[in-house]
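Okay, so here's the structure we're looking at.
So you know, we letter chains A, B, ... as the sequences are listed, proteins then strands, and number each from 1. Atom set for the values below is all heavy atoms of this structure, side chains included, hydrogens, waters and symmetry mates excluded.
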Protein chains: 2
Amino acid sequence: MSAIPTATVSRLVTYLRIVSQLEESGAERTSSDDLAREAHVSAFQVRKDLAYFGRFGTRGAGYSVATLKRELMRILGLTRPYNVAIVGMGRLGEALADYPNLEAYDFRLRAAFDVDEGKVGREVAGLTVRHVDELADVVRRLEIDIAFLTVPSTSAQAAADALGAAGVQGILNFAPTVIDPPAGTHVEPVDFLAGLKRLSFYIQQPKVKEETA
Amino acid sequence: MSAIPTATVSRLVTYLRIVSQLEESGAERTSSDDLAREAHVSAFQVRKDLAYFGRFGTRGAGYSVATLKRELMRILGLTRPYNVAIVGMGRLGEALADYPNLEAYDFRLRAAFDVDEGKVGREVAGLTVRHVDELADVVRRLEIDIAFLTVPSTSAQAAADALGAAGVQGILNFAPTVIDPPAGTHVEPVDFLAGLKRLSFYIQQPKVKEETA
DNA sequence: ATATGTGAATTGATTCACAGCG
DNA sequence: CGCTGTGAATCAATTCACATAT
């Protein structure tokens, strides 16, 4: 009967960003029409998405920006802190370590790992890079909830398995490969190469419809 | 009757990566079952996705790895080169400029832009960073097809509009905001913060089902 | 009056079962 | 006999229309 569509979850994230911007700009009230316009979806869609979780508006008057923001944060589980580790301190791992906006939603970078002895021991964003041999131990001790997986594709599955076994609940997978989620772990892909290839498909579309005889 | 589901396009990209790996590992033939296992979808799904574009297999014998790879590349428009520009040479822009795998599918980095005079003139990945004032001019002259948009959210829409007006056909949007696609331009989002918030939702799911009375 | 919340209708995507070829 | 390719059936998501609350 239930199970929230994944597309709905993605849109909720978008609505949250929009109400956050509205709040910054000083707006106090908004409507499904406003949100729909900003999120590039229909107003029906906005209301239906919200209806999965409750009733947050006032008929005739729309939504309170503050209330809707609070409720969206609650729905998305953003009312508590998450401890984060980065696995793979290449260029991308380093860039993520220095990313400033993480703390805005209480994502706390607590550990960084690599296999390369040349990288182990270095300081990145106030953290000492540790060897992946210590992963299970450190993840448990620091109660890491979420890992950013920025290792090469060839080691991504093994690293994910190790993280799952150590009790990590969520993995943001930056490696361009599909990972089999360890039991009890949710994996979200962040694959810019895939996005690039989708672009390629849509760009060439206009001039298609040729058959290979 | 027509219109390819966007989910199908995403899966095609995955199938291509799988057959590329199969090719590297020396395999000559594969099947919808193989592909399904690797891509974490059903074999029906694989065959249906491919059926939108033609018949690429041999009944009873599966698919030739080489043929399927070639066909997937053709379907995805990856048989010709694309000229790429990066707009926004912050940390992420720089990391992308140095990303080694771009040339593998003939994506050619040809230009880099920033607004910051401190960055303009610097050398990155063999390119001189140009001021965005030159964007329209340079995009046209170098026949840029695709832009990586790595500017702050607040300037993302304006930059996208400038790129669209200059004739760019595709934009990979790394800014954490929804962009209104300029006419004739396709936008693909690559938003790791959104992925992180989705993770948060799925992590907290187990312990939910509380109502606000 | 106005904009939400929601069952019903529609549209779209996935699954299935098997016909069709090698 | 295998495994692909595909219409038909099922399932899910989106759209619609309107009753409902303020």
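- When only modelled atom types and interatomic distance are considered, B/Y52 and B/T8 share no side-chain donor-acceptor pair under 3.5 Å.
- Without hydrogens or angle criteria, B/D145 side chain to B/V168 main chain gives no donor-acceptor distance under 3.5 Å.
- Between B/F53 and A/F201, the ring-plane angle classifies as perpendicular under the 30° and 60° cut-offs.
- Residue B/R11 is classed as a sugar-phosphate contact, given heavy-atom separations below 4.0 Å to backbone atoms only.
- When the P atom of D/dG2 is taken as reference, atom CZ of B/R29 falls 16 Å away, rounded to whole Å.
- Following rounding to the nearest Å, A/L35 (CG) and C/dG5 (C1') show an atom-to-atom distance of 15 Å.
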N/O to N/O distances under 3.5 Å, protein versus nucleotides 4-7 of chain D:
unit_1	atom_1	unit_2	atom_2	d
D/dT4	OP1	B/S32	N	2.7
D/dT4	OP2	B/S32	OG	2.6
D/dT4	O2	B/R59	NH1	3.4
D/dG5	OP1	B/F56	N	3.0
D/dG5	OP1	B/G57	N	2.8
D/dG5	OP2	B/Y63	OH	2.9
D/dG5	O4'	B/R59	NH2	3.1
D/dG5	N7	B/R47	NE	2.8
D/dG5	O6	B/R47	NH2	3.0
D/dG7	O6	B/K48	NZ	3.3

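- For the pair A/L76/A/L12, a side-chain contact is recorded, criterion being any heavy-atom separation below 4.5 Å from C-beta on.
- Partner assigned to C/dC21 is none, using Watson-Crick or G-U wobble distances below 3.5 angstrom.
- Just one residue in the list A/D106, A/L16, A/V13 forms a side chain to side chain contact (heavy atoms under 4.5 Å, CB included) with A/L78, and that residue is A/L16.
- Residue-level contact check: B/A43 touches neither bases nor backbone, having no heavy atom under 4.0 Å from any strand.
- Nucleotide D/dT14 holds its P atom 7 Å from the CG atom of A/D49, rounded to whole Å.
- Not one side-chain nitrogen or oxygen of B/Q45 sits closer than 4.0 Å to the OP1 or OP2 atom of C/dA13.
- Residues that satisfy the salt bridge (Lys or Arg N to Asp or Glu O under 4.0 Å) test with A/R141, not counting sequence neighbours, are A/D137.
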